[in-house]
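Notes to accompany the following structure.
Since the structure is predicted, the reported quantities are computational estimates derived from the model, not experimental observations. First listed ligand is number 1; within each ligand, the first listed atom is number 1.
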Amino acid sequence: MTTQEKGKISVETENIFPIIKKWLYSEKDIFIRELVSNACDAVSKLKKVSLSEEFEGGTDYRIDLSFDKDKRILVFEDNGIGMTSEEVKKYINQIAFSGATDFAKHYQNNENKAEIIGHFGLGFYSCFMVSQRVTIETKSYKKGEKAVLWESESGTDFSISSIEKDTRGTKISLYLDSESGEYLDKWKLKDLIKKYCDFLPVPIFVDTEKANREKPLWSEEPSKIKPEEYKDFYSYLFPFSGESLFHIHLNVDFPFRLQGILYFPKLTHELEASKNGIKLFCNHVFVSDNANELIPQFLTILKGTIDIPDLPLNVSRSYLQNDPLVKKISGHIIKKVGDRLIEDFKKNREEFQKNWSDISIFVKYGMLTDEKFFDAVKDALIFKNSEAGFYTLNEYVEKNKEKNNSKVYYANETEMSSVYMNLLKSQGLEAILVDSKIDSHLIQHLEMKNPDLKFQRVDAELADQIVDKEASPGVVDANNQTETDRLLAFFKTTVHREGIEIKAEALKSPDVPAVILMPEFMRRMSEMNSMMNKDDSMNLLKNHTLLINSNSQLVKSALREFEGVNSEKGKKLAQLIYDLALIQAKAMNEHDIAEYTKRTTSFLEEILSKN
Ligand code: ADP
Ligand code: MG
């Protein structure tokens, strides 16, 4: 005997279905995700029960999607926990329905639908977006419980009766409406399962074909996962991304639940943020591949998965950005990434240094944009040194302490063998090498954070140690002038260029006739301008110092030959000495090079004509 019970859920909310249909039209697909995740929940619940109770029907858990094209029926079947008739009344008629009502209200009040990420909360009733009639046949795992049939055509009027059903679990049949025939298609269904349910931990079949990968690696115990499994997972998620450098397994229980695996990809361009690199999940169900609201921008370089079961995903962006949970999540991820870098740095510095060229841009960019990250990783910040090794700033300062009084000399990689580096090295000093455009910003930032440190380009002014303080300023002549004074006077009368300053000093290296010094400030401006592709060689030239080395034999001879003579040859020679310094400083523009070539040619001709 089957008895039938009829009912109506709530009169005032009768019109929620037209609203749901209207608002969600473009997101119709999500009913698949909702019904399959319910089936998966039902299996998970039974798995839990199986730890303490026995039941019939085996533990060969599965979810099946099938369809009948002629009758236009789409069926979802699971062998999970099932429902008793009391449970159907409670979970479907009350809880699920009130969830749907809340959801509809939320959508109704939300002006900007595009602002909404994820669409959780609608649940079971989303199937009425595509159905004119829905039936649930379900049998609880509990012994002696009768199977139940629930059916409804409107979503608000329902009837419940007991039926015969042999197997444990729930079978939901959707009688699709005239606009939803597209779901009677195996490829369409398989596609949607792949998109939303690929990592649900229960096998899902579409028309008897297995449709999901299962194995949400991020939910497994990190200590039990082999390195290859992490690699495989990465190439499964991002088939064309090559290898990753390393990964971070996130596993948090408190104060929020979060699991995930973030990979550091091999970057091919500076600061290339991976588009949609982080896939967001809620209980293994795919939600979105835009995690930008959850993590700071510099971390969007990372790729991988984040699963947050409790995140209120059906809320707007502006809300998310101010949500304390979201802030905590972001803070946690930043800290984990920082910890991981520090750990690698400490445990395996060699490996860390090997990877540095791949990760440094990311680390530096993060340090510049995020205070927390700066603090978390500052001890792992390293710079190449001029000896092909690496320094942290502390190591550099420690090593050069005695000679350096907390100055940090730095140079471009291309300046490795410049006259400046050689001068520095000849005095046993070292420089760190800056190699990316972001470094000029980072240096400013580091100075701000460490008021004791002073960064100085190797060509900004000469290290005190390079200048030979003991050198005698030369014999004082009849006019009370030292050799240095006379040198200065000679070059001032022979080299004419507006705005430059000329100095003479005895350098410890006699083979360098002259060097150009640029104010540190100008150098930094110029670096930043070059980042913006502005040509400022003219600017650089306007403000620099020509330092004449009074220890240089060439300079001494020039003075001896041409002092007070006012000859063309003397002028040309002085100018050439200046030119050589400009070349060393890479401070010639095209016009200068042309002029230089002319001068040199005529100078050489002059020399040859004498023979
Ligand atoms: P939620 O999944 O967020 O709880 P839903 O509207 O999706 O909300 O589902 C409401 C409830 O209906 C579920 O919590 C569950 O108790 C019950 N339910 C839905 N589908 C199934 C199923 N396939 N097997 C067992 N119970 C189900
Ligand atoms: Mg659900």
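Among residues two or more places apart in sequence or in another chain, the side-chain contact (heavy atoms from CB on, under 4.5 Å) test is passed with Ile95 by Lys90, Tyr91. Residues that satisfy the side chain to side chain donor-acceptor pair (under 3.5 Å) test with Lys165, not counting sequence neighbours, are Thr167.
Contacts with ligand 1 closer than 4.0 Å are made by no heavy atom of Thr138, backbone or side chain. Under 4.0 angstrom from ligand 1, the non-hydrogen atoms of Asp78 all belong to its side chain.
With atom 18 (N) of ligand 1 as the reference point, the heavy atom nearest to it among Met83, Lys171, Glu87 is part of Met83. Of the candidates Phe124, Phe76, Tyr125, Tyr141, Phe124 brings a heavy atom nearest to atom 5 (P) of ligand 1. The option from Val36, Thr170, Val43 that lies nearest to atom 22 (C) of ligand 1, judged by heavy atoms, is Thr170.
A side-chain donor from one of Tyr365 and Gln297 sits under 3.5 Å from a side-chain acceptor of the other. A donor atom on one side chain and an acceptor atom on the other are found under 3.5 Å apart for Ser180 and Asp177.
Although no hydrogens or angles enter the test, the distance criterion places no donor-acceptor pair under 3.5 Å between the side chain of Asp198 and the main chain of Ile193. The main-chain N or O of Lys226 is found under 3.5 Å from a side-chain atom of Glu229 such that the two form a donor-acceptor pair.
Here is the list of ligand 1 atoms found below 4.0 Å of a heavy atom in Gly123: 5 (P), 6 (O), 7 (O). Taking every heavy atom of Ile92 and a limit of under 4.0 angstrom, the matching atoms of ligand 1 come to 12 (O).
Among the atoms of Ser37, no N, O or S atom is found under 2.8 Å from the Mg ion (ligand 2).
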